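What follows is a short report on a single structure.
Just so you know, these numbers come straight off a predicted model, no measurement behind them.
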Amino acid sequence: MSEEKSLNFLEDIIEADLAAGKYTSIVTRFPPEPNGYLHMGHATAICLNFGLTKKYPGYTNLRFDDTNPVTEDTEYVESIKADIKWLGFEWKNELYASDYFDELYNYAVQLIKKGLAYVDDSTSEEIATLKGTPTEPGKDSSYRNRSVEENIDLFERMKNGEFKDGARTLRAKIDMAHTNMLMRDPLLYRIKHAHHHRTGDNWCIYPMYDFAHGQSDSIENITHSICTLEFVPHRELYDWLIEQLEIFPSHQYEFARRNLSYTVMSKRKLLQLVNDHHVNGWDDPRMPTISGMRRRGFTPASIIKFCDTIGIAKRENIVDFSLLEFCLREDLNNTALRAMAVLDPVKLIITNYADEASEELTSENGPDEAYGQRIIPFSKELWIEREDFMEEPAKKWFRLAPGAMVRLKSAYIVRCDQFIKDENGLITEIHCTYFPESKSGSDNSGLHTKGVIHWVSAKHAATAEVRLYDRLFKVENPSSEEGDFKDYINPDSLQVINAFIEPSLKEATIDKRYQFLRKGYFCLDKESSEDKLVFNRTVTLKDAWAKEVKK
RNA sequence: UGGGUUAUGGUGUAAAGGUAGCACAACAGAUUUUGAUUCUGUUUGUCUAGGUUCGAAUCCUAGUAACCCAACCA
């Protein structure tokens with residue numbers, strides 16, 4: 001089972017570290033901020049961090065980066081945990097940056113005592129002005145040279161709630177002329193009289209990302225702290241703080257976040273889609289959120305396979321949506337139950353079949369024999385797909401057409417004798433004769449058809465609402481187009497129809513996936529009820545005929 | 001007039017001086033009681049210009065392009 005696969009750059013680093021004896025096992029962490037729902041981008045990070053400690057000795061912590069109480073909430077904590085579990089990963093410890101608030105405070109005092117941090121009374125505007133720009137150096141704040149005693153006193157009073165929000169900050173004392181903007185006396189603590197989802201009202205000062213993340217990594221003995229590319233400039237500060245505090249040296253490594261074509265992947269933009277009601281909530285099946293994809297019918301296996309296939313690197317990228325669909329179909333093809341449903345019905349009447357007769361036919365349930373068989377009722381009047389009939393057949397057409405024969409899946413071969421149109425030219429009935437000796441499994445008719453179509457017995461059919469989803473955006477990269485990304489929303493991303501389904505589908509359950517023969521993969525939606533079945537289309541089947549038509 | 005990161009087919013990703021490979025997509029064909037699946041084959045690539053070398057995606061020099069950094073967000 002030793003399939004040779006080349007290592008990505010992080011695996012290279014880890015194998016080198018392990019080989020050099022730097023570590024005997026590794027510790028990674030997945031550090032979401034509990035201020036929104038997880039999306040496909042997070043899934044890559046999850047697969048990466050948890051995948052690494054599956055492959056190499058060690059473990060992964062789940063750590064909520066909850067240092068900004070005004071945006072964070074327990075609701076998100078719960079959804080994040082549920083999503084990770086659903087993907088099938090297990091964290092070693094459930095931790096919170098807020099668990100370390102006392103330690104972080106002490107670290108800050110330590111820095112002050114070393115003369116490496118100071119309390120600044122400047123306003124946010126003043127700080128911004130003094131910061132300079134990427135091409136111009138900044139200037140020192142006039143509060144930069146306060147004494148250690150004064151700083152200790154002020155910082156303690158900040159903690160005690162003596163000052164209003166924004167009145168003062170604690171800053172590291174590094175270098176206001178540094179070429180790296182993040183080293184120009186970065187803010188370490190700010191005052192926020194806000195209720196925290198875990199620490200309540202214990203604190204009114206909260207550490208900034210840079211003073212919480214690396215220190216939390218260190219406290220947890222994280223060996224490989226993996227984040228996305230935009231944090232590259234933070235690494236210098238990350239290392240500086242660890243060095244000055246003389247704590248466990250965690251190391252930060254950065255990879256390029258994955259982008260998916262025809263969607264957006266930033267929390268901010270996803271939030272807009274929800275707030276402006278372009279979608280129906282975070283778990284709308286069109287959303288690239290984990291919860292949306294779950295509802296849509298994606299399987300954990302397909303998502304993990306996708307993450308694995310696209311790999312990991314440091315360059316800009318937009319992954320083809322079709323690769324995700326490929327991974328999805330591959331998994332679903334092997335696992336989905338088969339059933340028949342007619343989404344756009346037209347009636348087919350078998351003229352030589354007895355009016356009141358019906359019979360029970362059998363059909364395979366899945367991709368192989370292990371799935372067994374099920375019974376499907378057959379009768380004189382059937383629903384078939386409107387698009388499976390062509391009045392004037394195109395070249396290479398081998399479905400139903402006047403005079404043409406086609407196999408009804410798992411049933412009989414029929415020949416179209418005539419069809420009926422209404423006053424608008426819409427075909428309402430297709431009349432066929434069937435060949436009794438062509439019954440599936442005992443066919444001795446000698447007939448042969450190239451086309452096979454699905455059907456549902458009209459008098460036995462159940463009905464269901466079916467939601468057909470398409471890509472959310474009309475363009476590959478909505479964020480890089482001119483104007484607002486919302487201008488590129490696909491107005492036809494959701495189509496709701498009513499379908500006729502075979503009766504066995506009334507027993508469908510929400511944990512199962514179904515292939516509606518020739519139409520795609522579907523799953524029951526959470527809004528489904530006994531009175532009204534609702535199915536989501538997860539993804540269509542590949543359609544070679546549709547391609548033929550395009551030509 | 002700064003600093004950092006990155007450039008390999010349409011897309012993603014390998015190749016640590018020695019045959020540019022894999023997957024998706026596209027195209028062609030075979031099989032098929034799902035125009036699905038499966039199978040076979042084909043097309044397409046090393047950012048540019050120089051240099052080193054028997055040999056360069058890889059090393060050197062000079063360019064070019066894209067992305068990130070001036071939130072009391074993470």
Side-chain angles (χ1 to χ4, degrees), chain A residues 5-8 12 31-33 35 65-68 70-72 120 122-124 127-129 131-138 165-171 178-184 187-192 205-206 208-210 212-213 227-236 254 256 258 261 267-268 309-327 329-330 333-334 338 340 363-364 367 396-399 406-411 413 438 440-441 443 448-454 476 515-520 540-548:
Chain A
K5 208 190 165 206
S6 49
L7 305 178
N8 64 47
D12 280 336
E33 184 187 10
N35 71 344
D65 232 331
D66 55 350
T67 57
N68 187 3
V70 301
T71 58
E72 295 154 6
D120 194 338
S122 306
T123 64
S124 137
I127 289 176
T129 308
K131 198 140 218 164
T133 70
T135 52
E136 297 163 58
D165 283 9
R168 289 187 161 88
T169 57
L170 183 75
R171 302 179 70 178
H178 205 289
T179 51
N180 181 350
M181 297 287 291
L182 280 152
M183 297 297 275
R184 322 243 260 230
L187 269 59
L188 267 25
Y189 266 93
R190 77 287 217 190
I191 301 171
K192 273 182 197 283
I205 56 171
Y206 292 93
M208 299 286 290
Y209 166 84
D210 286 301
H213 202 101
C227 61
T228 44
L229 238 35
E230 69 267 27
F231 290 96
V232 168
H234 292 251
R235 189 174 62 233
E236 196 171 8
E254 311 86 8
R258 324 306 313 202
S261 60
K267 263 188 216 172
R268 204 193 93 248
T309 306
I310 59 181
I312 202 73
K314 299 185 80 160
R315 63 185 91 103
E316 284 272 307
N317 60 81
I318 301 182
V319 185
D320 265 356
F321 198 85
S322 59
L323 180 58
L324 216 206
E325 290 184 328
F326 169 80
C327 295
R329 290 189 182 112
E330 187 182 42
N333 179 49
N334 290 325
R338 311 290 135 124
M340 294 200 280
S363 189
E364 66 277 9
K396 292 192 188 173
W397 177 262
F398 43 85
R399 301 178 194 170
V406 76
R407 156 82 60 186
L408 296 169
K409 171 69 183 173
S410 296
I413 290 174
S438 67
S440 279
D443 184 348
H448 174 77
T449 70
K450 186 128 197 215
V452 179
I453 65 172
H454 62 280
E476 268 201 8
Q515 186 197 99
F516 290 178
L517 248 49
R518 305 205 305 133
K519 296 312 292 180
T540 60
L541 255 31
K542 277 218 263 181
D543 191 345
W545 173 248
K547 270 186 197 169
E548 192 64 37

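- Spacing of C1' atoms, B/rG29 relative to B/rA65, comes out at 41 Å, to the nearest Å.
- Screening A/I453, A/V452, A/I413 for a side-chain contact (heavy atoms from CB on, under 4.5 Å) involving A/V406 leaves a single residue, A/I453.
- Side chains of A/N68 and A/K192 form a contact here, defined as non-hydrogen atoms less than 4.5 Å apart.
- Taking 4.5 Å as the limit, every side-chain heavy atom of A/Q515 sits out of range of all side-chain heavy atoms of A/P367.
- Of the two residues near RNA chain B, A/D165 and A/L7, the one whose nearest nucleotide lies more 5' is A/L7.
- A/M340 comes within contact range of no nucleotide atom at all, as no heavy-atom separation falls under 4.0 Å.
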Exercise for review: Would you sketch RNA chain B in dot-bracket for me? Only Watson-Crick or G-U wobble pairs with both distances under 3.5 Å count, crossing pairs as [ ], other-strand pairs as |, the rest as dots.
Suggested key: .((((((..((((....[..)))).(((((.......)))))....(((((..]....))))))))))).....
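- Distance noted for atom P between B/rA23 and B/rU64: 38 Å (whole Å).
- When heavy atoms are screened at a 4.0 angstrom cut-off, A/Y189 is found touching no nucleic acid atom at all.
- Rounded to a whole angstrom, the distance from the P atom of B/rA56 to that of B/rU5 is 28 Å.
- Considering only heavy atoms from C-beta on, A/H213 stays 4.5 Å or farther from A/H234 through its side chain.
- Formation of a donor-acceptor pair under 3.5 Å by the A/R329 side chain with backbone atoms of A/T540 is found in this model.
- Closest to the A/D320 side chain, of the nucleotides B/rC24, B/rA14, B/rA70, is B/rC24.
- A close approach under 4.0 Å does occur between a side-chain nitrogen or oxygen of A/S124 and OP1 or OP2 of B/rC72.
- Counting any heavy atom pair closer than 4.0 Å across all strands shown, A/H234 reaches a base atom.
- Taking the six-membered ring where the residue is Trp, A/W545 and A/W397 present perpendicular rings, their angle passing 60° and hence far from 30°.
- We find that NZ of A/K314 is positioned 10 Å from C1' of B/rG4, with the value rounded to whole Å.
- At the heavy-atom level, A/S322 lies under 4.0 Å from the strands shown only through sugar-phosphate atoms.
- Residue A/N180 is classed as having no contact, given no heavy-atom separation below 4.0 Å to the nucleic acid.
- A gap of 24 Å separates the P atoms of B/rC69 and B/rU11, to the nearest Å.
- For the pair A/Y209 and A/E33, the minimum side-chain heavy-atom distance is 4.5 Å or more.
- Using a 4.0 Å heavy-atom criterion, one finds that A/S122 contacts the bases of the nucleic acid, with or without backbone contacts as well.
- As rounded to whole Å, 10 Å separates atom P of B/rC68 from atom CG of A/L229.
- A distance of about 38 Å separates the P atoms of B/rC59 and B/rC39, rounded to the whole Å.
- For the pair A/F231 CZ and B/rA74 P, the interatomic distance rounds to 9 Å; values are reported in whole Å.
- The CG-C1' distance, from A/N35 to B/rA74, rounds to 8 Å in whole Å.
- B/rA7 sits 14 Å from B/rU13 when the C1' atoms are compared, rounded to a whole Å.
- For A/V232, counting side-chain heavy atoms from C-beta on, the closest listed nucleotide (B/rA23, B/rU1, B/rU5) is B/rU5.
- A/N317 has its CG atom 13 Å from the P atom of B/rC68, to the nearest Å.
- Taking 4.5 Å as the limit, some side-chain heavy atom of A/S410 sits within range of a side-chain heavy atom of A/E364.
- When the P atom of B/rA70 is taken as reference, atom CG of A/L187 falls 13 Å away, rounded to whole Å.
- Of the P atoms belonging to B/rG2 and B/rG63, the separation is 12 Å, rounded to the nearest Å.
- Rounding to whole angstrom units, CD of residue A/E72 and C1' of B/rC73 are separated by 9 Å.
- Using a 4.0 Å heavy-atom cutoff across all strands shown, A/T71 reaches no nucleic acid atom at all.
- Among the protein residues, A/I312 comes within range of the sugar-phosphate backbone only, with heavy atoms under 4.0 Å from sugar or phosphate atoms but none that close to a base.
- One can place CZ of A/R258 at 11 Å from C1' of B/rU11, the figure rounded to the nearest angstrom.
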Review point. Which nucleotides of nucleotides 33-45 of chain B have their base under 4.0 Å from a protein heavy atom (B), which only their sugar-phosphate (S), and which neither (-), written as one string 5' to 3'?
Key: BBBSS--------
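- Residues A/S363 and A/R338 fail the side-chain proximity criterion, which asks for heavy atoms closer than 4.5 Å.
- Remark: A/T135 engages A/T133 in a side-chain contact (heavy atoms from CB on, under 4.5 Å) (not counting sequence neighbours).
- The phosphate of B/rA14 has OP1 or OP2 within less than 4.0 Å of a side-chain N or O from A/R315.
- A side-chain donor-acceptor contact under 3.5 Å links A/N317 to the backbone of A/R315.
- With contacts defined as side-chain heavy-atom distances shorter than 4.5 Å, the pair A/I312/A/R258 qualifies.
- Comparing the P positions of B/rU48 and B/rG10 gives a spacing of 13 Å, expressed to the nearest Å.
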